[in-house]
Amino acid sequence: MLEVHNLQCTRGDRRLFSGVGFRLSDGELLHLYGHNGSGKTTLLRTLCGLVAPTEGEVRWNGEPIRQQRDEYAAELLYLGHKNGLKDDLTGIENLLVACRMAGDSVKENQAWDVLERMGLRGHEDLPARVLSQGQQKRVALARLLLSNASLWILDEPFVGLDVAAVAFLEKVVADHVAGGGLVVLTTHQEVALTSGKVKKLRLGWKEDGHV
Amino acid sequence: MVNIYKFASPATFYPVAGKIARVSTWIAVLLLAVGLYMSFFVAPTDYKQGEGYRIIFIHVPAAWMSMFIYVVMAFWAGVGLVFNTRLSSMMAQALAPTGAIMTFIALWTGAFWGKPMWGAWWVWDARLTSELILFFLYIGFIALQGAIDDTRRADRAGAVLLLVGVVNIPIIYFSVKWWNTLHQGASVSIKNGSAMSTIMLQTMLIMTFAFWAYSIAVALYRVRSIILEREKDARWVSELPEIRR
Amino acid sequence: MFEAFRTIVSRDLLLAMRRRSDVLTTLFFFVIVVSLFPLGIGPELDTLRLIAPGVFWVAALLASMLALEKLFFVDYQDGALEQMLLAPQPLSILVLGKVLAHWLVTGLPLVLLSPLLGLQYDLPGDTIITMMITLLVGTPALSLIGAIGAALTLGLRGGGVLVSLLVLPLYIPVLIFGAGAVEAEASGLGGAGHLSMLGAILLLSILAAPLATSAALRISAE
């Protein structure tokens, strides 16, 4: 369970948001939206523990995330604006490295399977720098299929994907939520979920929202 | 504990700092006047080093302060890093220029003292070299803080640098000393100078307290400016009489 | 924990193999700096032999510093650093892995090449061996200490110049004991004392520098 109390973040002199609070239980998805510059990315990074809030607290299973960094990290999968891919590594190498760093032991044939399901057949062996934007995104997202993390935090996961890939990703997210997982994501489009509960949070208005 | 947290708030500390700074300024002026008079007219001429030795009444307190201020900065920075108190990071930032100036004075007066004593403006003496490295450390801290726009990152990055520096200072001093003894011949040890008379020691102490008071005063004036700069949007700042005018 | 350490070391070595030019730049910088001194000072072999330890060590120090800029910057840009920070292992282990890989591609080649350059300075065999040992012990310490500076200046304007300002004063003990050991050995005094001090500095940097670097990375990546 992810709980957020009275969160406030400032960047330089500017207050991005304040008084943000919500609670997300197992099998729930939080759809975060708001205009550009409303602090969506910063909020996601705060939820991960990458940014320390100026006020307030993020709790995971009742305990502040600062006090259980490694345990929380094992439960968390964050995919940000930047894909975290190495230009000079192939798709398969990138996926394997990313999974191993996150503590998931993944066999090589599993990784091949997953890249194929992501629609990258025939491109697994190419260095990431020659892949298109959308293909790079797919390599990064392939981690979702291999991860054991229960909390997914995804920053604009649908950007750059074609229609088929969007549909596939929606299904992956829905399956995760249906299986009792938690998802926090930002996107400008409606998320179609077949099961589970969708919460919405809007950032960037005077009255920063409570869910 | 309540008291500590109360004073850790910039709004309460601002007026307190102003009062202490004013008192310290007067103490500094008074002690400096007495100390300078004593160093020029009361302290006797050194039978070995002549009149030139009088520069140590400025040199030694400056060198002491330069080292002391760095440790104080590291202390405040460490407090700021651990307890996330903004004021302590501001104190570290406010002390840095004073520390750098003290180091600079110590180096400059050291050169002035070295010319008549050693016959050279600069001698690779262990203490002078360490002082020079300390100067580099101060400049590094100031440059790092200046390069970072976000104040919170500047505070915390500076704190890490100061803590790394404070761990390194003994190692640096020790290695420079060893290096110096290995290359003996160029330098003359200060130790075999004359024993200090009581009046000289008193003068030195008065000057040290004068420098001390000066540092406190200047650092507090500076921290007041930093508080105003960082809290310019806060209501208590706009209600200050000197702002409203 | 060891798995993540191994993953990051092998990843960085693989990346270095695919971008060999970065490795060679540092190495050639070292070679050129060392070769410039005789041109500036004159070809007197007696003088050259005298200044060789200092020249080699200052050149190694500058080369190591030059390579620092790349240490975390690419990871910072492509988002791999964020994933490192969110890995369930202690960050300092990953930092240690990165620094090890970095040293293997930027530090070790200098150590291996130094005997050849030693011949340019007409150094006797014993001195060359001592030089290699001191570089072998000292350059990892330089990489570890330098990593702190690289992490602190991550993504800042003019980070390259700033990092030298922060790091060079901290390099001084390594320089003193490294060059001192070679000098002491060459003059027949025996460099064992200096060398053990150098070893102590390396040990201390292995223990403390990754912690400071991790703290700095968390601050800089925020």
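Model, not experiment: these values are computed from the prediction. Every chain is numbered from 1 and lettered A, B, ... according to where its sequence line falls, protein lines coming before strand lines. The figures here come from the full heavy-atom set of this structure, side chains too, leaving out hydrogens, waters and symmetry mates.
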Could you look at [X] and say if it's the side chain, the backbone, both or neither that has a heavy atom under 4.5 Å from chain B?
{"X": "C:Leu204", "answer": "side chain"}
{"X": "C:Ile148", "answer": "side chain"}
{"X": "C:Ile219", "answer": "both"}
{"X": "C:Ser164", "answer": "neither"}

What pair of heavy atoms forms the shortest contact from B:Ile69 to B:Leu95, and how long is it?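 So the minimum-distance heavy-atom pair works out to CG2-O, 3.8 Å.
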Please check this pair: side chain of B:Ser9 against backbone of B:Ala11, looking for a donor-acceptor N/O pair closer than 3.5 Å.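 Looks like yes, one N/O pair under 3.5 Å.
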Hey, can you tell me if B:Phe104 and B:Trp108 have their rings parallel, tilted or perpendicular (30° and 60° cut-offs)?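 Correct class here is parallel.
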Holding to side-chain hydrogen bond (donor to acceptor under 3.5 Å, both in side chains), I want the full list of residues that pass it with C:Trp103, two or more places apart in sequence or in another chain.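 Applying side-chain hydrogen bond (donor to acceptor under 3.5 Å, both in side chains) to C:Trp103 gives C:Thr139.
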Tell me, please, which residues at least two apart from B:Arg224 pass side-chain hydrogen bond (donor to acceptor under 3.5 Å, both in side chains).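 B:Arg224 satisfies side-chain hydrogen bond (donor to acceptor under 3.5 Å, both in side chains) with no other residue.
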Show every ring pair (Phe, Tyr, Trp, His ring centres under 6.0 Å) that has at least one partner inside residues 137-159 of chain B, sequence neighbours left out.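 Ring pair (Phe, Tyr, Trp, His ring centres under 6.0 Å) check on residues 137-159 of chain B returns B:Tyr70-B:Tyr138.
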Separation between CD of C:Glu69 and CG of C:Leu154, rounded to the nearest 0.5 Å: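 Rounded to the nearest 0.5 Å, the CD-CG separation comes to 11.0 Å.
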Once you round to the nearest 0.5 Å, how far does CE of C:Met84 lie from CD1 of C:Ile93?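 Answer rounded to 0.5 Å: 11.5 Å.
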Most contacts with chain B, counted as non-hydrogen pairs under 4.5 angstrom, among C:Pro169, C:Gly155, C:Ala179: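 It is C:Pro169.
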Based on non-hydrogen pairs under 4.5 Å, which of C:Thr153, C:Leu162, C:Ile145 is most in contact with chain B?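 Highest number of pairs under 4.5 Å: C:Leu162.
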So, do B:Lys177 and B:Tyr173 sit near enough that their side-chain heavy atoms are less than 4.5 Å apart?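 Side chain of B:Lys177 against side chain of B:Tyr173, heavy atoms only: contact under 4.5 Å found.
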Interface residues of residues 142-155 of chain B facing chain C - heavy atom cut-off under 4.5 Å: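 Against chain C, the residues of residues 142-155 of chain B that fall inside the cut-off (heavy atoms, under 4.5 Å) are B:Ala143, B:Leu144, B:Ala147, B:Ile148, B:Asp149, B:Arg152, B:Arg153.
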